[in-house]
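Heads up, the thing below is written out as C-alpha cells.
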2 protein chains.
Amino acid sequence: MAISSDMIKDCPYFTVQKVLAGKWSLLILHFLSEETLRFNELQRKLDNLTHATLAKQLKALEKSGLIVRTEFAQIPPKVEYSLSDLGRKLQPSLDSLFEWGQEYLKYSSSKN
Amino acid sequence: MAISSDMIKDCPYFTVQKVLAGKWSLLILHFLSEETLRFNELQRKLDNLTHATLAKQLKALEKSGLIVRTEFAQIPPKVEYSLSDLGRKLQPSLDSLFEWGQEYLKYSSSKN
DNA sequence: CTGCATCCATTCAGATACTG
DNA sequence: CAGTATCTGAATGGATGCAG
C-alpha cells in the first residue's frame, strides 16, 4: 500500500524519510558525528530518554546501516557506537538542516 | 514530556524532525519547489494518496509555515499551494538529502 | 553496563463518506 | 474542485522489569 511499484524504489526522498523517521535519529547522528560514544554516554547526552527507547532507535539506525555497533567482550560489557561511511556521508545534509532549523527558530520567535 | 526545558527550544534538530515528520512532507516540498500547484495537480503527482491524507499533510505544512495556501473565490473552487520563504530556504538541504538518498539506494542495492 | 520482552498510550496514515 | 469529520489499524515512543 502507500506508494506502489516503482516510486518506492526510485525515490530517494522516500528513503530519507524512512531513515530519519525516528524521533531521535537526528540527535543521535549528530552526537555520533562528533565522537564515538558508548551506550551510556549517549544516553546521558539525551536526557529524558529511557534506555529502552534509545536502544530501539539505535537498533533501527544500525539496521539502516547508518551507525556501527562495536561490542567488546568484557565484563562489564562495553559497546561503542559510531557513524558508518553512509552515516558520515549524511553529515553535510545534517549540517544544512541544522542551519535551517536555526533560521526557523529565529523566524518563529520574531513572528510571535 | 520527552525533552524538557531548554533543549526543545534550543535544538534546531528537534525543529527539523518536527517539520519533516509527515510521511509525505519531503515529496510535497519537492514538487512545490518546482512549481506552484493546485490541490488536484499535487494529488495526481502523489498517486496512491487519498485527498484526505494529502489535505492533512498540507495543513500541517501550512501550519509550520513552510507552504503558502492561496484561495481563489470562484466556482469551481481553486486553491494553489507554493513554498513560503522559509520553505524555499529549506531547498538546499532537501537537495542534499536527495543526493544522499541516491547514494543510499546505490549502496544498498550493491549490498544485496 | 547493556539489552531484551512486554505492555500501554499516542500518534498518524489511510479509507469512507458527506458538504459547499 | 477543495475540504472536513470520523473511524480503523498500524507503527512507534515510552515505562517497567528482567537477564546476561
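Fair warning: this is a prediction, and the values are worked out from it, not measured in the lab. Quick note on labels: first sequence line is chain A, next is B, and so on, each numbered from 1.
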Item to check | Nucleotide dC12(C), atom C1' - distance to CG of L20(B) in whole Å | outcome: 16 Å

Checklist entry - Looking across every strand, which nucleic acid part, if any, lies under 4.0 Å from Y81(A) by heavy atom: base, sugar-phosphate, or nothing? => result sugar-phosphate

Checklist entry - Listed by chain and number, what are the ring pair (Phe, Tyr, Trp, His ring centres under 6.0 Å) partners of Y13(A), not counting sequence neighbours? => result H30(B), F98(B)

Next on the checklist: Heavy-atom count check: over 12 atoms from other residues, nucleotides or ligands less than 6.0 Å from N40(A) CG?
Outcome noted: yes

Next on the checklist: So, does K56(B) get its side chain near the phosphate of dT4(D), meaning an N or O under 4.0 Å from OP1 or OP2?
Outcome noted: no

Checklist entry - From the list dG14(C), dT4(D), dT2(C), which nucleotide is the closest neighbour of the side chain of N40(A)? => result dT2(C)

Checklist entry - Is any side-chain N of the basic residue among E103(A) and K89(B) closer than 4.0 Å to the acidic one's carboxylate O? => result yes

Next on the checklist: Donor-acceptor check, side chain of S93(B) to backbone of S93(A), threshold 3.5 angstrom: yes or no?
Outcome noted: no

Checklist entry - Is it true that K45(A) and E35(A) have a side-chain N and a carboxylate O under 4.0 angstrom from each other? => result yes

Next on the checklist: Measuring from the side chain of V79(A) (C-beta onward, heavy atoms only), which nucleotide among dG14(C), dT4(D), dT2(C) has the closest atom?
Outcome noted: dT2(C)

Checklist outcome for this item: note: K63(B), atom NZ; dC12(C), atom P; distance rounded to Å ~ 10 Å

Checklist entry - Checking all strands, does E71(A) fall into the base, sugar-phosphate, or nothing category for heavy-atom contacts under 4.0 angstrom? => result nothing

Checklist outcome for this item: Q74(B) CD to dC1(D) C1', in whole Å, measures 10 Å

Checklist entry - Do the side-chain N or O atoms of R38(B) get closer than 4.0 angstrom to the phosphate oxygens (OP1, OP2) of dA2(D)? => result yes

Next on the checklist: Without decimals, in angstroms, what is the distance between L49(B) CG and dG14(C) C1'?
Outcome noted: 9 Å

Table of protein N/O atoms under 3.5 Å from nucleotides 16-18 of chain D N/O atoms:
unit_1	atom_1	unit_2	atom_2	d
dG17(D)	O6	H51(A)	NE2	3.1

Checklist entry - In terms of side-chain heavy atoms of P77(B), which of dC1(D), dT2(C), dG13(D) is nearest? => result dC1(D)

Checklist entry - For W24(B) and dC12(C), is the shortest distance between a side-chain N/O and OP1 or OP2 below 4.0 Å? => result no

Next on the checklist: Just the rounded figure in Å: distance from C1' of dA13(C) to CG of L58(B).
Outcome noted: 14 Å

Checklist entry - Of Q57(A) and E41(B), whose closest DNA chain D nucleotide lies nearer the 5' terminus? => result E41(B)

Item to check | Euclidean distance, atom CD of residue Q43(B) to atom C1' of dT4(D) [Å, nearest integer] | outcome: 15 Å

List, one per line, each side-chain donor-acceptor pair under 3.5 Å for residues 55-63 of chain B, sequence neighbours excluded.
unit_1	atom_1	unit_2	atom_2	d
Q57(B)	OE1	W24(B)	N	3.4

Item to check | Rounded interatomic separation in angstrom, taking CG from L54(B) and P from dC1(D) | outcome: 14 Å

Checklist entry - If we only count heavy atoms from C-beta on, is the V68(B) to L83(B) side-chain gap below 4.5 Å? => result no

Next on the checklist: Output the rounded distance in Å from NZ (K23(A)) to P (dA9(C)).
Outcome noted: 17 Å

